[in-house]
Asks: 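Dropping a structure here in structure tokens format, bear with me for questions.
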Amino acid sequence: MKPKIITKKNVQPTIITIIVFGLLIFCTVNFLKYKQGLWLKDVRADLLHSMVGKKSQLEKALYSRIYYTRGVAAYVSLNPGITNDEYTVLAREYIGHDTVISSMALSKNCVLNAIYPYKGHEAAIGLDLLAHPERKTIVEKTIETQQTFVAGPVELVEGGIAFISYTPIFDKTIPGTNFWGVADIVIKEKGLLNDAGLRDSMDGFLFALRGYNGSGRSGAVFFGDDRIFEQDPVTVSIELPIGSWELAAVPDKGWDQYSNPDRTLMIVLSLSSFVISVLVWLFAQAMVQIKINGKELNAVFKSLDSLIIEFSSKGDYVKIASENNDLLYKPKERLEGKNIYKVFDKKIADLFMNAINQCIATRQLVIIEYPLQINERELWFMARVSYKSENSIIFNAYDITEKKRREERLQESERKQKELNETKNKFFSIIAHDLRGPLGSQKAVIDLFHEEYSNLDDAARKQMLSSLQESSSHLYNLLENLLKWALAQSGKIDVKPQVFNLCTQYCDILAPFQQDAKRKGIRFVNNLEEDATVKADVNLTEFILRNLISNSIKFTDTGGKVEVNSKQVLIYGEVYREINVIDTGIGMTKEKMAALFKLDQTQSTPGTANEKGNGLGLLLCKEFLEMQGTKLSILSEEGIGSTFSFLLKRG
């Protein structure tokens, strides 16, 4: 047997024991001078202080789990169509490594439809929360208050005692308060209390909890001996989202042990050495445990879906704790020891450096958001910069790309809603102005024609009938455009592409334009190819061609020329027909062209012979072409003329 070597490690506990022993004697002698009430008061004050710490630990342990259901409820409220598979992934991310959690479930319309983990809880699927009287009361209270409710503890079917946290879910994707269902999480009682460091007997005191279902001091005792509440205990309230629990503690030997402390002095003194030895041993064990915890912490770092980096006050990488290399801007070995200005561009580096300086200067948490291009993908991160020392900070970054994408989708939705409002306003503007004006003029002519019929000669009557014909034609075109526009906006136009010959299909349709152009003194030329076959929607293409030719005639002066032609073009190996409508009209400025398809700036412009319109023709042409997978191109110069072109696939 080897002799025991006395080392510094062995001597230190002995010295500490002697010092503490002397202090205990000194304190005991002086303590006897205090009044019994003061002794008891100090004990109760110390116990209360300790219990406040336990209250904080218990509330922290409880709320950290309650936030799981709140997080799930918030997600489901924005994604009410969540599937069971999606829920399983979400729940696994929340509670996958939490040994205190038994299960987490969703109950759409209060009927349990999804649970994680599924194994071992299959029987719970289909459970109606409102069918059980006690659960019904709790769920109804949760829905009424729209707050989380902690029920229990209750005995689980699979064994054990647990609390159940219920959080109501309201569908936020539609206006109003629309109840969706309930998210609940089962928290093991023993696991929760152990996590909070609470036992029924600790440090010479007995502890108990009461307040079943959050009923506070009026509720039943569910932890510890219920007789503790009859012994004038020190109590603190554990606050729940709704209701509370009451934590009570008394000395394990009763308050009488403090009535005459001199009687216990010898016992205390004789046990002091033993107690100190135990404490020293416990301290040594604690140091060993710290090393073990350090290894466990490193393992936790490896499992975290985030970046944990230590930066120096100068912006140098000191240590990278994260094992999630997919989120690193560069491989770990190329970052450690490098300065952020040698890794990132100046804008990002300045952002990081400002956050580091602010954190060290204020010793406060600093939160920043920033984008990075990683593996040809743009990712967004949120970083929490925490103070460590005057020379370093901890940089904890999370991937928030999906959150940013949701924000972008929301902004896009708002933009589309704005466009819909503009469409509605334009529609009513046209009805109120362009439709009302011609109808008013037509009514005035009809009234005059009716009242003065016998006083008018044939020439005057023909002139008035001609005016009515022109007004009726304008109204017909306006109504036709309004109808097509309304159908296009509501998505009720079906595109039916088919193969046909442009020249054969539309030559008869183009004939009237010859007469319109002739009446205005304009030369109209039809140069559509005889074999110009295309694959497109016949009706939509006819509408486009009619409007473009009519528009060119409208804005071409007497003596001008309007031509429609087609030609075959090859684009990226695919054959198309290019259809052009060319005029020598008044043309357009760049500003006018820029406003052509802006709905809030679309308005009718009178033709060169004061022809009327409604400002919808070109807008419809553009939309009908886009519905067929192509687009309208415009070249125009003021005083020279305009060319309107579009492509159709060759038939």
Side-chain angles (χ1 to χ4, degrees), residues 426 429-430 433-435 437-438 441 466-467 469-471 473-478 480-482 484-485 506 509-528 541-567 578-626 630-647:
K426 180 63 178 177
S429 172
I430 291 170
H433 181 268
D434 292 348
L435 191 59
S441 300
S466 176
S467 177
Q469 183 184 29
E470 181 182 349
S471 176
S473 177
H474 173 64
L475 279 172
Y476 177 81
N477 291 333
L478 172 59
E480 183 182 30
N481 281 353
L482 278 173
K484 289 185 179 294
W485 184 55
Y506 297 139
I509 296 171
L510 299 181
F513 288 112
Q514 295 275 9
Q515 300 302 321
D516 293 341
K518 185 176 181 181
R519 281 196 299 270
K520 198 172 177 182
I522 298 170
R523 186 160 61 96
F524 180 75
V525 180
N526 178 5
N527 279 332
L528 287 175
T541 307
E542 176 186 338
F543 179 87
I544 294 164
L545 207 52
R546 279 180 179 273
N547 271 271
L548 292 180
I549 295 172
S550 177
N551 197 63
S552 288
I553 293 174
K554 176 181 175 182
F555 292 106
T556 300
D557 286 310
T558 300
K561 174 186 173 182
V562 174
E563 177 187 352
V564 56
N565 65 44
S566 64
K567 60 181 178 180
E578 181 181 278
I579 296 90
N580 302 292
V581 178
I582 308 167
D583 65 60
T584 60
I586 60 176
M588 291 178 283
T589 63
K590 292 182 179 179
E591 292 74 17
K592 178 68 175 176
M593 290 179 63
L596 274 179
F597 304 115
K598 293 182 179 178
L599 192 60
D600 57 340
Q601 299 180 33
T602 302
Q603 59 183 5
S604 174
T605 303
T608 56
N610 204 31
E611 298 99 325
K612 296 180 180 179
N614 52 64
L616 287 176
L618 281 178
L619 188 60
L620 281 169
C621 289
K622 174 180 177 293
E623 292 190 8
F624 288 170
L625 283 169
E626 289 175 351
T630 183
K631 64 180 181 178
L632 179 65
S633 299
I634 304 174
L635 294 174
S636 185
E637 186 174 349
E638 190 174 18
I640 302 299
S642 303
T643 298
F644 298 85
S645 305
F646 59 92
L647 297 174

Asks: Residues two or more places apart in sequence or in another chain: which of them pass side chain to side chain donor-acceptor pair (under 3.5 Å) with T643?
Replies: none
Asks: According to salt bridge (Lys or Arg N to Asp or Glu O under 4.0 Å), does anything in residues 579-589 pair up with another residue at least two apart or in another chain? List the pairs.
Replies: none
Asks: Is the shortest heavy-atom distance from the side chain of Y506 to the side chain of R546 under 4.5 Å?
Replies: no
Asks: So, the side chain of S645 versus the backbone of S633: is there a donor-acceptor pair under 3.5 Å, distance only?
Replies: no
Asks: How close do C621 and L632 get, heavy atom to heavy atom, and via which atoms?
Replies: CB-CD2, 4.5 Å
Asks: Which is it for F524 and I549 under the side chain to side chain contact (heavy atoms under 4.5 Å, CB included) test, yes or no, and what are the steps along the way?
Replies: CA-CA 9 Å; F524 180 75; I549 295 172; 3.5 Å; yes
Asks: Does K520 reach the main-chain N or O of K554 with its side chain, forming a donor-acceptor pair under 3.5 Å?
Replies: yes
Asks: Quick one: closest heavy-atom pair of V525 and K561, and the distance?
Replies: CG2-CE, 3.9 Å
Asks: Enumerate, atom names and distances included, each donor-acceptor pair closer than 3.5 Å involving a side-chain atom of residues 634-641, sequence neighbours excluded.
Replies:
{"unit_1": "S636", "atom_1": "OG", "unit_2": "M588", "atom_2": "N", "d": "2.8"}
{"unit_1": "S636", "atom_1": "OG", "unit_2": "G641", "atom_2": "O", "d": "3.4"}
{"unit_1": "S636", "atom_1": "OG", "unit_2": "S642", "atom_2": "OG", "d": "2.7"}

Asks: Measuring from R523:CZ to Q514:CD, what's the distance to the nearest 0.5 Å?
Replies: 10.5 Å
Asks: Is there a side-chain contact between T584 and T556 (heavy atoms, below 4.5 Å)?
Replies: yes
Asks: Let's go through L618 and L548 carefully: what are the C-alpha distance in whole Å and the side-chain angles of both, what is the deciding distance for side chain to side chain contact (heavy atoms under 4.5 Å, CB included) to 0.1 Å, and is it a yes or a no?
Replies: CA-CA 7 Å; L618 281 178; L548 292 180; 3.7 Å; yes
Asks: Closest heavy-atom contact between D557 and I522?
Replies: O-CG1, 3.6 Å
Asks: Between F644 and N551, does a side chain to side chain contact (heavy atoms under 4.5 Å, CB included) hold up when you go through it step by step?
Replies: CA-CA 10 Å; F644 298 85; N551 197 63; 3.9 Å; yes
Asks: Kindly compute the distance separating CD1 (I544) from OG1 (T630), expressed to the nearest 0.5 Å.
Replies: 9.0 Å
Asks: With a 3.5 Å distance limit and no angle check, can you tell me whether N565 reaches the backbone of K567 through a side-chain donor-acceptor pair?
Replies: no
Asks: Looking at side-chain heavy atoms only, is the closest gap between N547 and L620 below 4.5 Å?
Replies: no
